[in-house]
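First the structure, in the form of structure tokens, and then the observations on it.
Quick caveat: nothing in here was measured; it's all calculated off a predicted structure. Numbering of residues begins at 1 and proceeds along the displayed sequence.
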Amino acid sequence: MNRFRTACTTPGEFIITAEVAPPKGGDITHTIQMAERLKNRVHAINVTDGSRAVLRMCPLAVSAILVQHGIEPICQVACRDRNLIGLQADLMGAHALGIRNVLALTGDPVKAGDHPKAKSVFDLESVRLLQVIQKMNGGQDWNDKPLTDGVTDLFVGAAVDPQSPSWSGLQSRFEKKVEAGAQFFQSQLITDFEVLDKFMHHVAAGCNKPVLAGIFLFKSAKNAEFIQKYVPGVHIPQETIDRLAKAPEPLQEGIKIAAEQVKLARQICQGVHMMAVKREDLIPQILDLAGIEPLS
């Protein structure tokens with residue numbers, strides 16, 4: 001399984017990934033069904049790691065099951081819930097299970113989720129987690145001790161927020177992640193494509209690492225307002241909320257908006273990361289409307 005890595009290292013390839021949430025419980029049937037529907041439409045599927053600090057099945061298990069079904073995963077690894085030993089152990093386990101793509105994340109604060117009294121760990125944050133993976137791929141653990149039973153081979157990426165209000169902080173963080181070994185970047189939800197264009201020309205230019213713009217399916221005006229209120233750093237233009245509110249069929253209008261955004265992203269960056277929470281089955285429709293052909 002290396003379709004995603006090949007796409008990331010092929011000049012001119014438009015890369016498509018999508019996010020699928022693990023189940024809350026022991027039955028993974030629905031998650032597999034959603035992933036199967038995307039099999040010939042995306043290069044890889046992100047398996048989230050406690051997104052918004054909400055309890056779900058561990059992404060390592062879900063990613064391994066997707067591999068068994070011939071679906072290439074990107075296993076998210078967040079620093080919030082595991083210490084340095086646990087993170088390294090999981091990364092070695094990922095390699096052994098045939099998982100080759102990892103997205104290194106700091107992780108959302110527990111107070112944002114459904115277990116606000118849980119203890120956060122944060123031995124590391126995303127840049128140092130990237131450094132850990134870089135060392136493990138080179139045959140050493142974090143303490144410079146050799147991995148006596150073989151190196152890992154993990155293709156690692158990082159998150160980026162081109163709409164961050166701190167331009168200098170954004171640039172510094174991006175450069176640190178590139179230096180720490182990030183091979184690709186997936187962005188947070190994008191609504192301002194002029195800012196994305198500026199980011200691509202002034203921050204990401206010359207790094208030779210693909211940036212995938214986060215495209216979110218808004219199902220209604222109420223859904224957009226909820227995202228704006230509860231997801232940190234997100235600003236949704238009032239024009240978008242008004243379009244959804246006035247539409248006779250808000251979900252269909254949300255699909256149109258997402259397709260328009262995919263078309264915009266295609267002119268600016270190297271790919272898109274599709275997010276359609278609980279409606280992953282609509283991603284092919286969005287891609288069709290945007291003129292994106294199925295993968296060969």
Side-chain angles (χ1 to χ4, degrees), residues 1-21 28-48 59 62-76 94-95 97-103 153-160 182-187 190 193 196 200 204 207-217 252 254-277 279-296:
M1 281 195 174
N2 57 10
R3 180 166 67 172
F4 177 67
R5 187 184 304 206
T6 300
C8 285
T9 54
T10 301
E13 183 85 9
F14 191 69
I15 307 159
I16 307 163
T17 59
E19 202 161 278
V20 174
I28 198 172
T29 304
H30 180 72
T31 301
I32 294 171
Q33 289 173 345
M34 290 296 101
E36 289 277 7
R37 292 189 182 191
L38 300 174
K39 201 170 183 178
N40 71 331
R41 300 310 305 261
V42 304
H43 292 91
I45 288 177
N46 274 55
V47 182
T48 57
V62 177
S63 296
I65 293 168
L66 293 185
V67 168
Q68 293 171 3
H69 284 78
I71 299 167
E72 186 166 357
I74 300 172
C75 184
Q76 294 188 1
H95 173 90
L97 290 166
I99 300 161
R100 292 292 179 265
N101 309 309
V102 170
L103 188 74
D153 179 22
L154 299 172
F155 190 68
V156 62
V160 65
Q183 298 298 315
F184 65 93
F185 288 86
Q186 291 176 323
S187 93
I190 295 290
F193 287 83
L196 176 64
M200 292 303 300
C207 76
N208 295 318
K209 308 297 179 187
V211 174
L212 282 60
I215 307 296
F216 193 92
L217 172 62
Q252 290 303 312
I255 290 170
K256 289 179 184 176
I257 292 169
E260 291 166 9
Q261 292 178 336
V262 171
K263 288 181 180 179
L264 287 171
R266 200 172 190 181
Q267 300 171 29
I268 297 171
C269 61
Q270 295 94 339
V272 288
H273 176 55
M274 306 298 297
M275 294 172 278
V277 180
R279 291 308 310 263
E280 294 89 350
D281 57 302
L282 295 176
I283 290 174
Q285 188 176 337
I286 295 168
L287 296 174
D288 287 341
L289 198 57
I292 306 292
E293 298 286 334
L295 302 180
S296 58

**Report entry** Glu19 and His273: side chain donor to acceptor below 3.5 Å
**Finding:** yes
Report task. Sort out for me which residue in Ile283, Asp288, Ile16 forms a side chain to side chain contact (heavy atoms under 4.5 Å, CB included) with Arg41. Result -> Asp288
**Report entry** Among Ile15, Leu196, Leu264, Ile190, side chain to side chain contact (heavy atoms under 4.5 Å, CB included) partner for Cys269
**Finding:** Leu196
Query - Chi angles and distances behind the side-chain contact (heavy atoms from CB on, under 4.5 Å) call for Val42, Phe4 - result: CA-CA 9 Å; Val42 304; Phe4 177 67; over 6 Å; no
Requested in this report: Verify, without hydrogens or angle tests, whether Arg100 (side chain) and Glu72 (backbone) share a donor-acceptor contact under 3.5 angstrom.
Outcome: no
**Report entry** Where Leu289 and Lys263 come nearest, the two heavy atoms and their spacing
**Finding:** O-CE, 3.6 Å
Query raised in the report: Between Val20 and Leu38, is a side-chain contact (heavy atoms from CB on, under 4.5 Å) present by the stated rule, with each step listed?
Result: CA-CA 10 Å; Val20 174; Leu38 300 174; 4.2 Å; yes
Query - Short side-chain to backbone donor-acceptor contact, Asn40 and Leu295, under 3.5 Å - result: no
Query raised in the report: How far does CZ of Phe193 sit from CD1 of Ile268, to the nearest 0.5 angstrom?
Result: 6.5 Å
Query raised in the report: Once you round to the nearest 0.5 Å, how far does CD of Gln183 lie from SG of Cys207?
Result: 10.0 Å
Query - Reported CD1-to-CD distance for the pair Ile32 and Gln68, which is rounded to 0.5 angstrom - result: 8.5 Å
Query - Minimum heavy-atom distance between Val67 and Gly98, given as atom pair plus value - result: CG2-O, 4.0 Å
Query - Aromatic ring pairing Phe155/Phe184, orientation class (parallel under 30°, perpendicular over 60°, tilted between) - result: parallel
Query - Least distance between heavy atoms, Gly214 atom then Ser187 atom - result: N-OG, 2.7 Å
**Report entry** Within-4.5 Å side-chain heavy-atom neighbours: Arg5 and Asp153
**Finding:** yes
Query raised in the report: So, for Asn101 and Pro73, which heavy atoms are closest and what is the spacing to 0.1 Å?
Result: ND2-O, 3.1 Å
Query - Spatial distance of atom CE (Met34) from atom CZ (Arg279) [nearest 0.5 Å] - result: 8.0 Å
Query - Close side-chain approach of Glu280 and Gln33, heavy atoms under 4.5 Å - result: no
Query raised in the report: So, the side chain of His43 versus the backbone of Arg3: is there a donor-acceptor pair under 3.5 Å, distance only?
Result: no
Query raised in the report: When rounded to the nearest 0.5 angstrom, what distance separates CD1 in Ile74 from CG in Asn46?
Result: 4.5 Å
Report summary line: d(Lys256 NZ, Gln285 CD) to nearest 0.5 Å is 10.5 Å
**Report entry** Minimum-distance pair of heavy atoms, taken over all atoms of Ala259 and Ala290
**Finding:** O-CB, 3.6 Å
Query raised in the report: What heavy-atom pair brings Val211 and Gln270 nearest, and what distance separates the two atoms?
Result: N-OE1, 3.0 Å
